[in-house]
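Data first, discussion second: the structure below is written as structure tokens.
Computation of the quantities below employed the complete heavy-atom set of this structure, encompassing side-chain atoms and omitting hydrogens, waters and symmetry-equivalent molecules. Count residues from 1 along the sequence. Keep in mind that what you see is a predicted model, and the values were worked out from it rather than measured.
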Amino acid sequence: NRVTGQGAPSDDAGAYRLTDELAIVAFDDEVNLVAPLVPVDPARHLAALDQVYEGGSTNLSGGWLKGAEVLRGAAEDGTRRVLLLSDGEANHGIVDHAQLESLSRSTLEATGVSTSTIGFGDGFDEDLMTLMADAGQGNAGGVASIKMQFDIAVTQTIAKHKKLDH
């Protein structure tokens, strides 16, 4: 499996296979590849996540597009999925729901890269995140409804950065 998104694995490396890869893309009004696509290394990826800070706008489309771009170069013998994690709403870059849904669908059809989404907090656009996940043949949810192996590490890191910013 190859996963990319603004996220990080937990300290439980047993949740991953040796062939799994992860990249981290951070986005606000800018989009940055924080960690390139490499085999999962919880310590390395958590350290990379420490470089991610809450910013201004939410360029959800830019973050998602960068994740899909990273995965296009990956081997096609496994699952290639963008895992889009956002605590905001799309308010920078492409913001039209129908266009984002279409991009998710066409990327899956053209490259085999699927999309799953997880929203954080009360302000995420659940309808948009669900549209993108459905179009990308992935899953959608919120932190309160999905318990994945890395959600605790992500939530703690986001909370730490929010404290630093306030």
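- Of all heavy-atom pairs spanning T115 and T117, the tightest one is CG2-CG2, 4.1 Å.
- Rounded to the nearest 0.5 Å, atoms OG (S86) and CZ (F27) are 4.5 Å apart.
- The hydrophobic clustering, which links ILVMFWY residues whose side-chain heavy atoms are closer than 4.5 Å, places L100 and V95 apart.
- Closest approach of A48 to A35, counting heavy atoms only: CB-CB, 3.8 Å.
- The two atoms that bring V70 and A23 nearest to each other are CG1-CB, 4.0 Å, heavy atoms only.
- Distance check, rounded to the nearest 0.5 Å: CD of E101 to CG of D127 gives 11.0 Å.
- Just one residue in the list D28, V31, N59, T58 forms a side-chain contact (heavy atoms from CB on, under 4.5 Å) with H92, and that residue is N59.
- With rounding to the nearest 0.5 angstrom, the CD atom of E126 is 11.0 Å from the CG atom of L131.
- Of all non-hydrogen atoms in S116 and G138, the two that sit nearest each other are OG-CA, 3.5 Å.
- Shortest non-hydrogen contact noted between M129 and L84 is CE-O, 3.8 Å.
- From L60, atom CG reaches atom CG of L65 across 9.5 Å, with rounding to the nearest 0.5 Å.
- Contact record, T107 with A68: CG2-CB, 4.1 Å, taken as the closest heavy-atom pair.
- In this structure the side chain of V82 reaches within 4.5 angstrom of the side chain of V113, judged on heavy atoms.
- Here the side chains of L83 and I118 are in contact, with some heavy-atom distance below 4.5 Å.
- A salt bridge links K66 with E69: at least one charged nitrogen is closer than 4.0 Å to a carboxylate oxygen.
- W64 and L108 fall into different hydrophobic clusters, where Ile, Leu, Val, Met, Phe, Trp and Tyr are joined by side-chain heavy atoms under 4.5 Å apart, directly or via other members.
- Rounding to the nearest 0.5 Å gives a distance of 12.5 Å between CD of Q99 and OG of S104.
- Here the straight-line distance linking atom CG of D41 with atom CG of D20 works out to 13.0 Å at 0.5 Å rounding.
- The cluster map of Ile, Leu, Val, Met, Phe, Trp and Tyr, joined by side-chain heavy atoms under 4.5 Å apart, puts V25 and I94 in the same cluster.
- Judged purely by atom type and a 3.5 angstrom limit, H45 uses its side chain to pair as donor or acceptor with the backbone of L22.
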